[in-house]
Amino acid sequence: MQRRELHRLALAWALSAWAVAAPAQAAGRRPGAGPQWQADPFALGVASGQPRADSVVLWTRLLIAEADAAQQSQTQTVVCEVFADEALRQPVRQWQVETDARRGHSVHVIASGLQPSSFYWYRFVCGSATSPVGRTRTSPREGDKVALLRLAQASCQHFEQGWYVAHREMAQRELDFVLFLGDYIYESSNPKYRLRPHLGGVPQTLDEYRARHAQYKGDADLRACHAAHPWVMTWDDHEVVNDYANDQDNRYSDPQVFLRRRAAAYQAYFEHMPLRLGPDAAQPQRMRIHDRMAWGQLAELWTLDCRQYRSHQACPDPNRGGARVVVGCDALQDPSRSMLGAEQEAWLMPGLVGSTRRWKILAQSTQMSSSGVATPLGRSSFNDAWDGYPRARERLLSGIAEAGLQDVLVLGGDVHMNVAAQLRVRPNDERSPIVASEIVCTSVTSRGMGEALLASIRENNPDILHARSDERGYALLELRPEGVQASFRATPFPAKSDSVLREQARCLVQAGRAGVHRA
Ligand SMILES: [Fe+2]
């Protein structure tokens, strides 16, 4: 066992001291004992995530209303009940968990001892209150043959900019899990598109980030999508602040000041998500989110962290940091620049090149294919996406090419457009073989770039097979041993609460042959 893994186990153990208590029967507690609530403390709903063959994370957070203010300072006892059937007649196990204000009254139960490839229903009880019922599932065993994996790939859900009709549809579908690739909340506002305003200003403190997450979870469609499926997640920048990179924000704040803000944002994120690990107890500005999961012999999936460890953006504006389009930026070619950080790269590559599963899925935040355009001064690069880290991209894709892998699928979000693209070691160079296939999902609500710019990106990047930024939605992926089908589900009307998604385009990837094709 590597040191990192030991460290991770130690962290998991430290967290389990408060996250997971003994089964409730052993503690002799009855559900129903405890506070008599005036307002529903389960208004944020329930969620599950990070499925394994024998366990899944079950989440809720008590939201304590003014009417129950006396409960705010109390340690609350919450019972989590797991059932094998929708009618809740077949109890499987229950856990009793204590939570308090230091963790925002959040509850994370690692429900273990479960059967592989099985559905479970769960709910939480605290005093007189009972939560809505959620449905979740476990993954197949690592060695199992699996005929089909269905997942919904989503990202970028600015609350102000539209309704969560994508979540409404995802909640209704038969899926194995939802793969959410970042920008779950937005810290900022754009007055141009404000259907339903954020409460409060730009969050800086833990309480402000908590309030922002709570407002997002106030959306019934989002809660329904969490209750319907386990989620597998990574984050992007807006969970903290637009365009941050490692310890640097877009205002060049003192890194020590920014890292305190990042710690607050990470803590609030953990408190609202079905995640196994929270912030590192010794260094709360650090939180491990990158993870690896197998879906039987069919797929292996790595969720990557493209924010916490990355090199700062190259050639930034000295007055306003963060993302920008750069031309003639020599610093891009510095081989020491990294999107994932050296440690995460070193963790990823051996597992990826050694994987014996059919589909190797890199689930990460942004677009990997190039989107530069020709200008009179040379080709442009958007320095916040993988174009801003070309040598790191080349390392990753060369590693895939040298290992002879054919079935690598890169999934991304962030850019508010649907993209299907070929990935080559040398982007857009036909002499450089295609080594992987890319699917980027459009945003759930956040508005996309204008058509003129997108037309120029398409024209300058023959590797891009499909790109549309005018519609909102998600991507529905069906993975089978013989191929992958990606359907871009979308609507041009995110501002209409009753809009319905339809298929914008469908793409295929054939097993044994890297590259994406139109259906
Ligand atoms: Fe976004």
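Heads up: numbering here begins at 1 and tracks the sequence. Remember, it's 1-based here, ligands and their atoms both numbered in the order they're listed. No experiment lies behind these values; they were computed from the predicted model shown. What's counted below: heavy atoms across the whole structure, side chains too, no hydrogens, waters or symmetry copies.
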Is any N, O or S atom of [X] under 2.8 Å away from the Fe ion (ligand 1)?
| X | value |
| --- | --- |
| Asp183 | yes |
| His238 | no |
| Cys156 | yes |
| Ser443 | no |

* **Arg137 charged N/C atom sitting above Phe177 aromatic ring, 6.0 Å / 45°** => no
* Using 30° and 60° as the class limits, which term best fits the ring planes of Tyr184 and His226: parallel, tilted or perpendicular? -> tilted
* Asked: If you measure from the Lys or Arg side-chain nitrogens to the Asp or Glu carboxylate oxygens, is any gap between Glu300 and Arg292 under 4.0 Å?
  ->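 Salt bridge present between Glu300 and Arg292.
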* May I ask you to check whether His167 and His229 place their ring centres under 6.0 Å from each other? =>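 Centroid separation for His229 and His167: 6.0 Å or greater.
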